[in-house]
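Accompanying notes for the structure given below.
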Amino acid sequence: HVQLVESGGGSVQAGGSLSLSCAASGYTVRPYCMGWFRQNPGKEREGIAAIDTGGSSTFYAESVKGRFTISQDSAKNTLYLQMSSLKPEDTAMYFCAAGWSPRCGGGWHVRSLYGYWGQGTQVTVS
(Lines give C-alpha, C1' and ligand atoms only; values in the text may rest on other atoms or scores of the structure.)
Protein backbone atom coordinates (compact mmCIF):
# COMPACT_ATOMS: atom_id res chain seq x y z
CA HIS A 1 0.00 0.00 0.00
CA VAL A 2 1.48 3.32 -1.12
CA GLN A 3 1.87 5.90 1.60
CA LEU A 4 2.64 9.59 1.13
CA VAL A 5 3.20 11.72 4.21
CA GLU A 6 3.71 15.47 3.98
CA SER A 7 5.43 17.54 6.62
CA GLY A 8 6.75 21.05 7.07
CA GLY A 9 3.62 23.14 6.86
CA GLY A 10 2.89 25.97 9.23
CA SER A 11 2.43 29.70 9.51
CA VAL A 12 4.89 32.18 8.07
CA GLN A 13 4.91 35.90 7.45
CA ALA A 14 4.70 37.28 3.94
CA GLY A 15 8.08 37.24 2.27
CA GLY A 16 9.25 34.32 4.35
CA SER A 17 10.18 30.77 3.45
CA LEU A 18 9.03 27.24 4.21
CA SER A 19 10.19 23.82 3.07
CA LEU A 20 7.80 20.91 2.66
CA SER A 21 8.71 17.24 2.54
CA CYS A 22 6.82 14.22 1.27
CA ALA A 23 7.99 10.80 2.38
CA ALA A 24 6.90 8.04 0.03
CA SER A 25 6.80 4.34 0.80
CA GLY A 26 5.03 1.12 -0.02
CA TYR A 27 5.39 1.05 -3.79
CA THR A 28 6.93 -1.74 -5.83
CA VAL A 29 7.38 0.39 -8.96
CA ARG A 30 8.62 3.92 -8.44
CA PRO A 31 6.27 6.69 -9.55
CA TYR A 32 7.10 8.23 -12.90
CA CYS A 33 5.92 11.62 -11.75
CA MET A 34 5.54 13.25 -8.37
CA GLY A 35 3.92 16.58 -7.81
CA TRP A 36 2.72 19.19 -5.40
CA PHE A 37 -0.82 20.54 -5.52
CA ARG A 38 -2.63 23.05 -3.38
CA GLN A 39 -6.27 23.69 -2.64
CA ASN A 40 -8.52 26.03 -0.72
CA PRO A 41 -12.18 25.39 0.17
CA GLY A 42 -14.49 25.92 -2.76
CA LYS A 43 -11.68 26.00 -5.30
CA GLU A 44 -10.14 23.41 -7.57
CA ARG A 45 -6.96 21.66 -6.59
CA GLU A 46 -4.20 23.19 -8.68
CA GLY A 47 -0.88 21.73 -9.67
CA ILE A 48 2.01 23.94 -8.69
CA ALA A 49 5.08 21.80 -9.36
CA ALA A 50 6.09 18.33 -10.50
CA ILE A 51 9.20 16.31 -11.17
CA ASP A 52 9.99 13.45 -13.51
CA THR A 53 11.53 11.05 -11.02
CA GLY A 54 13.65 9.32 -13.64
CA GLY A 55 15.08 12.27 -15.51
CA SER A 56 14.60 14.96 -12.85
CA SER A 57 12.93 17.35 -15.28
CA THR A 58 10.83 19.83 -13.33
CA PHE A 59 7.62 21.69 -14.10
CA TYR A 60 6.06 24.71 -12.43
CA ALA A 61 2.91 26.74 -12.51
CA GLU A 62 3.58 30.30 -13.60
CA SER A 63 2.31 31.60 -10.28
CA VAL A 64 5.17 29.97 -8.36
CA LYS A 65 7.97 29.88 -10.92
CA GLY A 66 11.10 31.49 -9.55
CA ARG A 67 9.85 31.26 -5.96
CA PHE A 68 9.30 27.52 -5.42
CA THR A 69 11.73 24.70 -6.13
CA ILE A 70 10.79 21.03 -6.36
CA SER A 71 13.45 18.40 -5.80
CA GLN A 72 13.83 14.79 -4.81
CA ASP A 73 16.14 12.52 -2.89
CA SER A 74 15.56 9.26 -4.70
CA ALA A 75 17.68 7.29 -2.24
CA LYS A 76 15.38 8.38 0.57
CA ASN A 77 12.16 8.27 -1.49
CA THR A 78 11.48 11.83 -0.44
CA LEU A 79 10.06 14.75 -2.38
CA TYR A 80 10.68 18.37 -1.37
CA LEU A 81 9.17 21.73 -2.08
CA GLN A 82 11.22 24.76 -1.13
CA MET A 83 9.08 27.88 -0.98
CA SER A 84 10.40 31.41 -0.72
CA SER A 85 9.04 34.94 -1.12
CA LEU A 86 5.74 33.63 0.15
CA LYS A 87 2.59 35.64 -0.46
CA PRO A 88 -0.79 35.55 1.29
CA GLU A 89 -2.25 34.00 -1.87
CA ASP A 90 0.04 31.01 -1.33
CA THR A 91 -2.08 30.08 1.70
CA ALA A 92 -3.58 26.65 1.03
CA MET A 93 -3.56 23.01 1.93
CA TYR A 94 -0.59 21.49 0.12
CA PHE A 95 -0.69 17.90 -1.11
CA CYS A 96 1.95 15.69 -2.61
CA ALA A 97 0.99 13.10 -5.19
CA ALA A 98 2.54 10.14 -6.99
CA GLY A 99 1.66 9.05 -10.50
CA TRP A 100 2.52 6.14 -12.74
CA SER A 101 1.65 7.68 -16.09
CA PRO A 102 4.55 8.04 -18.53
CA ARG A 103 3.21 11.43 -19.64
CA CYS A 104 4.56 13.48 -16.77
CA GLY A 105 5.84 16.22 -19.06
CA GLY A 106 2.57 16.72 -20.85
CA GLY A 107 0.12 16.19 -18.03
CA TRP A 108 1.92 16.96 -14.80
CA HIS A 109 -0.77 19.40 -13.70
CA VAL A 110 -3.71 17.02 -14.27
CA ARG A 111 -5.07 15.50 -11.07
CA SER A 112 -6.07 12.24 -12.73
CA LEU A 113 -2.42 11.53 -13.59
CA TYR A 114 -1.75 10.79 -9.95
CA GLY A 115 -2.89 7.61 -8.26
CA TYR A 116 -1.98 8.36 -4.66
CA TRP A 117 -2.16 11.46 -2.53
CA GLY A 118 -0.98 12.51 0.88
CA GLN A 119 -3.32 13.92 3.48
CA GLY A 120 -2.01 17.44 3.06
CA THR A 121 -0.21 19.99 5.16
CA GLN A 122 -1.52 23.49 5.78
CA VAL A 123 0.52 26.52 4.80
CA THR A 124 -0.69 29.88 6.06
CA VAL A 125 1.05 33.09 4.99
CA SER A 126 0.48 36.07 7.29
Side-chain angles (χ1 to χ4, degrees):
H1 184 260
V2 175
Q3 300 278 341
L4 302 174
V5 181
E6 303 99 333
S7 61
S11 296
V12 64
Q13 65 184 29
S17 300
L18 279 177
S19 294
L20 307 182
S21 298
C22 174
S25 64
Y27 51 79
T28 57
V29 177
R30 71 165 176 81
Y32 297 147
C33 187
M34 296 192 72
W36 289 97
F37 285 68
R38 65 187 182 189
Q39 187 173 27
N40 279 304
K43 300 182 68 176
E44 294 185 355
R45 189 170 298 187
E46 66 167 328
I48 56 172
I51 187 167
D52 178 329
T53 62
S56 294
S57 296
T58 57
F59 313 93
Y60 296 94
E62 288 297 325
S63 60
V64 306
K65 191 172 296 183
R67 300 189 298 120
F68 292 10
T69 302
I70 188 170
S71 61
Q72 65 176 346
D73 184 337
S74 58
K76 296 184 180 296
N77 298 320
T78 302
L79 182 73
Y80 302 97
L81 185 68
Q82 299 167 294
M83 305 183 292
S84 62
S85 301
L86 284 162
K87 307 173 181 179
E89 50 262 48
D90 294 319
T91 295
M93 185 74 73
Y94 283 70
F95 301 86
C96 70
W100 283 262
S101 169
R103 300 188 62 81
C104 187
W108 69 269
H109 60 290
V110 179
R111 296 196 309 273
S112 61
L113 179 70
Y114 301 91
Y116 285 88
W117 298 80
Q119 290 299 118
T121 185
Q122 179 68 36
V123 172
T124 302
V125 183
S126 269

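The shortest side-chain heavy-atom distance between Thr69 and Tyr60 falls under the 4.5 Å cut-off. Using a 4.5 Å heavy-atom cutoff, the side chains of Leu18 and Phe68 are not in contact.
Side chain of Thr53 to backbone of Pro31: a donor-acceptor contact under 3.5 angstrom is found. Between the side chain of Thr91 and the backbone N or O of Val125, at least one donor-acceptor pair lies under 3.5 Å. Judged by distance alone, the side chain of Ser126 and the main-chain N or O of Ala14 form a donor-acceptor pair under 3.5 Å. The closest donor-acceptor contact from the side chain of Asp52 to the backbone of Gly55 lies under 3.5 Å.
Here ring pair (Phe, Tyr, Trp, His ring centres under 6.0 Å) pairs that include residues 71-93, with residues two or more places apart or in two chains, number zero. Within the structure, the ring pair (Phe, Tyr, Trp, His ring centres under 6.0 Å) test picks out the following pairs touching residues 6-39 (sequence neighbours left out): Phe37-Tyr114, Phe37-Trp117. Screening residues 42-126 for disulfide bond (SG atoms under 2.5 Å apart), with sequence neighbours left out, gives Cys22-Cys96, Cys33-Cys104. Residue pairs meeting the salt bridge (charged side-chain N to carboxylate O under 4.0 Å, His left out) criterion with at least one member in residues 3-15: none, sequence neighbours excluded.
Cluster membership check: Ile51 shares its hydrophobic cluster with Val29, using side-chain heavy-atom separations under 4.5 Å among Ile, Leu, Val, Met, Phe, Trp and Tyr. No continuous path of ILVMFWY side-chain contacts below 4.5 Å connects Val64 to Phe59, so the two sit in separate hydrophobic clusters. Residues Met34 and Val2 share a hydrophobic cluster, clusters being chains of Ile/Leu/Val/Met/Phe/Trp/Tyr side chains in contact below 4.5 Å. When the side chains of ILVMFWY residues are joined at heavy-atom separations under 4.5 Å, either directly or via intervening members, Tyr116 and Leu81 end up in a single hydrophobic cluster.
Applying the ring-ring contact (aromatic ring centres under 6.0 Å, His included) criterion to Phe95, with sequence neighbours excluded, gives no partner residue. Under the rule for a salt bridge (charged side-chain N to carboxylate O under 4.0 Å, His left out), Arg45 has no partner lying at least two apart in sequence or in another chain. Every residue two or more places apart in sequence or in another chain was checked for a ring-ring contact (aromatic ring centres under 6.0 Å, His included) with Tyr94, and none qualifies. Take Ser56 and apply the side-chain hydrogen bond (donor to acceptor under 3.5 Å, both in side chains) test, not counting sequence neighbours, and it matches Gln72. Qualifying salt bridge (charged side-chain N to carboxylate O under 4.0 Å, His left out) partners for Lys65, counting only residues two or more places apart in sequence or in other chains: Glu62. Annotation: salt bridge (charged side-chain N to carboxylate O under 4.0 Å, His left out) contacts of Arg111 (sequence neighbours excluded): none. Applying the salt bridge (charged side-chain N to carboxylate O under 4.0 Å, His left out) test to Asp90 and every residue at least two apart in sequence or in another chain returns Arg38, Arg67. For the side chain to side chain contact (heavy atoms under 4.5 Å, CB included) test, residues two or more places apart in sequence or in another chain that qualify with Ser7 are Ser21.
Distance NE2/His109 to CD1/Ile48: 14.0 Å, rounded to 0.5 Å. Distance CG/Asn77 to CD/Gln3: 13.0 Å, rounded to 0.5 Å. Taking OG of Ser17 as the start and CE of Met83 as the end, the distance is 8.5 Å to the nearest 0.5 Å. To the nearest 0.5 Å, atoms CD (Glu46) and OG (Ser63) are separated by 5.0 Å.
Within 6.0 Å of CD on Glu89 lie more than 12 heavy atoms contributed by other residues, nucleotides or ligands. The local environment of CD in Gln122 is crowded, with over 12 non-hydrogen atoms from other residues, nucleotides or ligands closer than 6.0 Å.
When all heavy atoms are compared, the tightest approach of Ala92 to Asn40 is CA-OD1, 3.4 Å.
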